[in-house]
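In the text below, chain A, chain B and the rest are named by the order of the sequence lines, each starting its count at 1. This one's a predicted model, so the numbers in the text were calculated from it and none came from an experiment.
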There are 2 protein chains.
Amino acid sequence: MVAKRRAEMVEETRGKLVRAARKAFAEKGYAASSMDDFTAEAGLTRGALYHNFGDKKGLLQAVIAELDAEILVRMAAARARAATPWQGLLDESIAYLEMALEPEIQRIMLLDGPAVLGDPSRWPNQSACLRATAQTIERLIEAGTIRPVDAEAAARLLNGAALNAALWIAAADDPPAVLAKAVEAFRRLAEGLLGARP
Amino acid sequence: MVAKRRAEMVEETRGKLVRAARKAFAEKGYAASSMDDFTAEAGLTRGALYHNFGDKKGLLQAVIAELDAEILVRMAAARARAATPWQGLLDESIAYLEMALEPEIQRIMLLDGPAVLGDPSRWPNQSACLRATAQTIERLIEAGTIRPVDAEAAARLLNGAALNAALWIAAADDPPAVLAKAVEAFRRLAEGLLGARP
DNA sequence: TCAACTGGCATACGATGCGTATGCAAACTT
DNA sequence: AAGTTTGCATACGCATCGTATGCCAGTTGA
């Protein structure tokens, strides 16, 4: 059949809008992205946007949900490759740090996202990648690898450290060199979570 | 004399604008603050703003510089009260975390600032409070209290951890309880910087 | 199968906010 | 005291957003 079903058409429209918005937000930032411009680039108008996402913020939420899901997968992959659970936490955090260096993720999720939508803990998807780190930490506590600590708090601290380091690195004159320093320092900090200190 | 000198008039105008903008940015956020509105509230117009600060971003920079200076002072005070240099680092960082809970600082410096002006390392004042923490860490390294590490990187990581924790705490249902957990976890992380581990 | 209906998207309109160009008066200069 | 500079206000044009309205394709029920 040549004519698609209604639901498919809608999904296609939403997909086009999310892709166009993601590109525009990444390149120009949320505030400087004109809804008229990137909807036109998707072969649509603002009418489609308002109908499907309510407003500009709604579309940003959709874009962020997509990015968050991708980050979650990549973090899980990094953790899966690690030799030990402890190394898994380090690798997943460092993977996050490296992803946070990518302009698209940095601009949309780390800069515009919190400024426009508020703290990630209040986002619809609850920022799945944050919850994942908290779970990793909980498992390490149960295994006795690290001392008991509030997992959510520790996850949030590690995440923030990586996030802020990424902003710093991306703005640095020599990102690769600075990245190495940051990773080393990050490892040192994370070790503070390990077993009892004399 | 009734007529003030020119330089004084200008300082007064700039002060009025910064105060009005600071209030508006804190209450509504940068994007939602109308220049017409808050300049009028200061008894001025956008003409004064453009003449003195170039544009809206220029005014935000001025507001941030003012906040940064205040934060620097309060961090130094916290460090000065500490019994030991190591405790000084902890106290100054926790003071930062607590300041980051204040709506004005959180909204302007942590959310809108980076989104609009980019990474703090590129701000005109270089974010003095970040440099201060780096210096504190350098002194601790020289004293042999903590193992050698890139001070700037470590400062940035600690700062990011505190910053992100503050966003989380402020968005939580029971901030005081969450703050306590965050401070404890932060202390644990920071201890990763201490002397050699067995 | 056909008629009524629903839903998805486009178009049109009004309102708001920004940046620049211009004007004017007070303060500095010599 | 006349000329010059400077600080700020006013006025205009442009871009962008949100809503109200309209239209056509797809859906539904007899």
#### Entry: A:Asp55 CG to D:dT16 P, straight-line distance once rounded to whole Å
17 Å

### Task
Measure from the side chain of A:Ala48, starting at C-beta and using heavy atoms only, and say which of D:dC8, C:dC9, C:dG19 lies closest.
C:dC9

### Summary
Only one of B:Ile94, B:Val178, B:Leu90 passes side chain to side chain contact (heavy atoms under 4.5 Å, CB included) with B:Val183, and that residue is B:Ile94

### Message
Counting only heavy atoms from other residues, nucleotides and ligands, does the tally under 6.0 Å from CZ of B:Arg131 exceed 12?
### Response
no

### Task
Before accepting this row, confirm whether a basic side-chain N of the pair A:Arg147/B:Glu191 lies closer than 4.0 Å to the acidic partner's carboxylate O.
yes

### Task
Tell me which of B:Ala7 and B:Ala32 sits closer to the 5' end of DNA chain C, going by the nucleotide each one is nearest to.
B:Ala32

### Query
Between D:dT16, C:dC9, C:dC28, which nucleotide gets closest to the side-chain atoms of A:Ser34?
D:dT16

### Query
Across the strands shown, which category fits A:Ser33 at heavy-atom distances under 4.0 angstrom: base, sugar-phosphate, nothing?
sugar-phosphate

### Message
Looking at D:dC8, I'd like to know if its phosphate oxygens (OP1 or OP2) sit under 4.0 Å from a side-chain N or O belonging to B:Thr13.
### Response
yes

### Message
Against B:Ser127, only a single residue in B:Asp68, B:Asp119, B:Leu72, B:Ile71 fulfils side chain to side chain contact (heavy atoms under 4.5 Å, CB included); can you say which?
### Response
B:Asp68

### Task
Look at atom CD of B:Glu152 and say whether more than 12 heavy atoms of other residues, nucleotides or ligands are closer to it than 6.0 Å.
no

### Query
Roughly how many Å is it from CZ in A:Phe38 to P in D:dT16, rounded to a whole number?
11 Å

### Task
Figure out the CE/P separation between A:Met9 and C:dC9, and round it to whole Å.
7 Å

### Query
OP1 or OP2 of D:dG7 less than 4.0 angstrom from a side-chain nitrogen or oxygen of B:His51, does that happen here?
yes

### Query
Which residues, if any, of residues 40-47 of chain A bring a heavy atom under 4.0 Å of DNA chain D?
A:Arg46

### Message
Counting only side-chain nitrogens and oxygens, does A:Asn52 get under 4.0 Å of the OP1 or OP2 atom of C:dG8?
### Response
no

### Whole-Å distance separating the CG atom of A:Leu49 from the P atom of C:dA10
10 Å

### Query
Could you state the CZ-P distance from A:Arg14 to C:dG7, rounded to the nearest angstrom?
15 Å

### Query
Taking OH from B:Tyr50 and P from C:dC18, how many angstroms apart are they, rounded to a whole number?
6 Å

Distance-only donor-acceptor hits, side chain of residues 37-46 of chain B, under 3.5 Å, sequence neighbours excluded:
{"from": "B:Thr39", "atom 1": "OG1", "to": "B:Met35", "atom 2": "O", "distance (Å)": "2.5"}
{"from": "B:Thr39", "atom 1": "OG1", "to": "B:Asp36", "atom 2": "O", "distance (Å)": "3.1"}
{"from": "B:Glu41", "atom 1": "OE2", "to": "B:Lys23", "atom 2": "NZ", "distance (Å)": "3.1"}
{"from": "B:Thr45", "atom 1": "OG1", "to": "B:Gly47", "atom 2": "N", "distance (Å)": "3.2"}
{"from": "B:Arg46", "atom 1": "NE", "to": "B:Asp36", "atom 2": "OD1", "distance (Å)": "2.9"}

### Message
If I take atom NZ in residue B:Lys57 and atom C1' in nucleotide C:dC18, what distance separates them, rounded to the nearest angstrom?
### Response
13 Å

### Message
Between the side chains of B:Arg5 and B:Glu12, is the shortest nitrogen-to-carboxylate-oxygen separation below 4.0 Å, so that they form an ion pair?
### Response
no

### Query
Roughly how many Å is it from CD in A:Glu8 to P in D:dG26, rounded to a whole number?
12 Å

